[in-house]
Amino acid sequence: MANTIPDIPLNDGNTIPQLGFGVFQIEPKDTVEAVGRALEIGYRHIDTAEMYGNEAEVGEAVRTSGLDRGEVFVTSKLNNAFHRPEDARRAFESTLAALKMDYIDLFLIHWPLPTLYDGDFVSTWKTLEEFQRDGRAKSIGVSNFQVPHLERLAAEADVVPAVNQIEVHPYFGNEEVRGYDRRHNIITQAWSPIAQGKVLDDPTVVDVAEEVGRTPAQVVLRWHVQRGDIVFPKSITPQRIAENFQIFDFALDDAAMERISGLDRGEAGRQGPNPDEFDYVPA
Ligand SMILES: NC(=O)c1ccc[n+]([C@@H]2O[C@H](COP(=O)([O-])OP(=O)(O)OC[C@H]3O[C@@H](n4cnc5c(N)ncnc54)[C@H](OP(=O)(O)O)[C@@H]3O)[C@@H](O)[C@H]2O)c1
């Protein structure tokens, strides 16, 4: 079975590689090397954000990889400080300038921040619609949007987000939001897909890994892609970057899928902030 990365169709006609490489918490000084290695191994999708502070290094790694710009799918996200339309326009230009790219494949609202900006993420979203109309963002989407936030966009905006990037891993299935996404043709991107390593020594995960002769990280990533979600595990460790890429040359049977899904702890399994309350704005 060849290790071929599927392209997932988005609701706007574009496609996105189902497996990417995440760069949250990679220091700028380590980013060119880590992203360069990922591209060398075969990753063609990089997930960054203005708040990660490493967009410039992601851009540099893509430029020096020898690949054409069109061969690499690049995502970035709007910093929480810049939700007002004028600020969002400036921030988007800074993102393109940092990446040294004249378009981005996917641009997201990083957090809904429902307790800030008078609860208005709709005018922010309409500003992203402008970026898509003028061609500088091929696709646009949201991140950390809960069902009521998505319902509000559906009622008040024109464009349905192409993706919703949310926390999902075996301890936090996030099924309500995934269900909404699925019913409305929004692709779910699962962030912290291995819960930053916390699910890897779970006895069930270890057991399934032994059964199929793969590593715990590979079976957890495989579980995500068989559920249809997009993943972009982060690692600065060369052997893990390679390991996380080898997830399309084996399959989990229904019983293994169910055992891993059975680890869901509901809200108690959430590792990151709750989007209904999160109000961090960088100084
Ligand atoms: N939209 C959002 O709000 C949001 C929030 C969080 C994350 N994200 C995105 O999702 C991406 C992934 O999430 P994440 O970075 O939080 O966590 P993650 O990918 O679930 O886990 C990364 C951690 O696991 C370790 N690791 C990676 N592969 C491993 C393997 N094969 N075996 C053992 N350990 C392994 C890494 O260590 P080493 O690096 O030391 O190898 C790192 O400590 C981010 O980089 C970012 O792009 C988005």
Side-chain angles (χ1 to χ4, degrees), residues 16-31 33-35 37-38 41 43 45-55 57-58 61 73-80 105-113 121 141-146 149 161 163-172 174 177 181 187-202 205-206 209 214-225 229-247 269-282:
I16 179 171
Q18 191 174 16
L19 173 67
F21 184 69
V23 299
F24 177 44
Q25 293 174 330
I26 302 188
E27 294 291 328
K29 67 172 174 48
D30 300 326
T31 303
E33 190 182 327
V35 173
R37 185 171 298 268
I41 286 168
Y43 291 81
H45 163 188
I46 312 294
D47 184 87
T48 184
E50 204 277 344
M51 286 197 285
Y52 303 167
N54 52 21
E55 289 174 310
E57 291 75 13
V58 167
F73 190 103
V74 179
T75 300
S76 194
K77 316 186 189 88
L78 181 70
N79 183 309
N80 289 351
D105 296 280
L106 176 63
F107 195 64
L108 310 180
I109 299 181
H110 204 149
W111 289 88
L113 307 176
F121 44 75
V142 294
S143 178
N144 299 301
F145 272 47
Q146 305 272 62
H149 308 141
V163 307
N164 186 17
Q165 183 175 131
I166 54 174
E167 179 179 346
V168 185
H169 45 72
Y171 289 160
F172 185 53
N174 215 339
V177 182
D181 289 349
I187 298 293
T188 296
Q189 300 189 313
W191 66 249
S192 288
I194 55 172
Q196 301 200 330
K198 290 184 196 73
V199 293
L200 301 184
D201 52 9
D202 184 280
V205 170
V206 171
R214 294 290 176 139
T215 69
Q218 286 173 325
V219 300
V220 172
L221 294 169
R222 180 70 207 175
W223 170 80
H224 284 283
V225 300
D229 292 353
I230 289 175
V231 283
F232 22 79
K234 169 265 176 186
S235 179
I236 52 165
T237 313
Q239 172 263 324
R240 290 174 174 174
I241 300 175
E243 173 185 329
N244 296 344
F245 190 72
Q246 291 297 319
I247 58 168
R270 195 192 279 282
Q271 310 284 316
N274 185 324
D276 290 324
E277 293 150 18
F278 191 59
D279 60 1
Y280 167 72
V281 174

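Note that ligands are numbered from 1 as they come in the structure, with each ligand's atoms numbered from 1 the same way.
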With a cut-off of 4.0 Å, which atoms of ligand 1 are near a heavy atom of [X]?
X	answer
F24	6 (C), 7 (C), 16 (O), 44 (C), 45 (O), 46 (C)
L200	32 (N), 33 (C), 34 (N)
H110	1 (N), 2 (C), 3 (O)
T237	38 (P), 40 (O), 41 (O)
E243	31 (N)
P233	19 (O)
N144	1 (N), 2 (C), 3 (O)
W111	3 (O)

Within the distance-only criterion (no hydrogens, no angle test), does the side chain of [X] pair as donor or acceptor with the backbone N or O of [Y] below 3.5 angstrom?
X	Y	answer
S235	T237	yes
T215	Q218	yes
R37	A242	no
D47	F232	no
D105	V74	yes
Q189	I230	no

Notebook entry, point to check: Is there a donor in the side chain of E55 and an acceptor in the side chain of S76, or the other way round, less than 3.5 Å apart?
Noted result: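 Side chains of E55 and S76: pair found under 3.5 Å.
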Note to self: Within the 3.5 Å criterion, strictly below it, is a donor on N164 or S143 matched to an acceptor on the partner's side chain?
What the structure shows: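 Judged by distance alone, the side chains do not pair up.
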Next item on the list: Taking the six-membered ring for Trp and the single ring otherwise, decide whether the centroids of F145 and H110 are under 6.0 Å apart.
Entry: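 Distance test on ring centres: not under 6.0 Å, no.
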Notebook entry, point to check: For the ring pair F245 and F21, is the centre-to-centre distance below 6.0 Å?
Noted result: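 For F245 and F21, the ring centres are not under 6.0 Å apart.
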Residue and atom name of the nearest protein heavy atom (relative to [atom]), distance in Å to one decimal:
atom	answer
atom 17 (O) of ligand 1	Q196 CG, 3.4 Å
atom 31 (N) of ligand 1	N244 OD1, 2.9 Å
atom 37 (O) of ligand 1	R240 NH1, 3.0 Å
atom 6 (C) of ligand 1	W191 CE3, 3.2 Å

Margin query: Please state which option from F232, Y52, F278, F245 has its nearest heavy atom closest to atom 10 (O) of ligand 1.
Written below: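 It is F232 that holds the nearest heavy atom.
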Notebook entry, point to check: Nearest to atom 20 (O) of ligand 1 by heavy atom, D47, I236, I194: which?
Noted result: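 Minimum heavy-atom distance to atom 20 (O) of ligand 1 goes to I194.
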Item checked: Contact check: A217 vs ligand 1, nitrogen or oxygen atoms, below 3.5 angstrom ->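 So ligand 1 has no N or O lying under 3.5 Å from an N or O of A217.
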Margin query: Counting only nitrogen or oxygen atoms and a 3.5 angstrom limit, does K77 reach ligand 1?
Written below: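 So ligand 1 has no N or O lying under 3.5 Å from an N or O of K77.
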Below a 4.0 angstrom heavy-atom separation, can you tell me which part of [X], side chain or backbone, both or neither, approaches ligand 1?
X	value
S192	both
L108	neither
K234	both

Next item on the list: Assign the ring pair Y280 / F278 to parallel, tilted or perpendicular, where the plane angle (0 to 90°) is split at 30° and 60°.
Entry: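 Ring orientation of Y280 relative to F278: tilted.
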Check: Given side chains that start at C-beta, do those of H224 and Q18 come closer than 4.5 Å, heavy atoms only?
Finding: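 SC-SC contact between H224 and Q18 ruled out.
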Hey, does [X] sit under 4.0 Å from ligand 1 if you only count heavy atoms?
X	answer
Q25	no
F21	no
A195	yes

Note to self: So for atom CD, which belongs to Q271, do other residues, nucleotides or ligands contribute more than 12 heavy atoms lying within a distance under 6.0 Å?
What the structure shows: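 Counting neighbours around CD of Q271, more than 12 heavy atoms of other residues, nucleotides or ligands fall under 6.0 Å, so yes.
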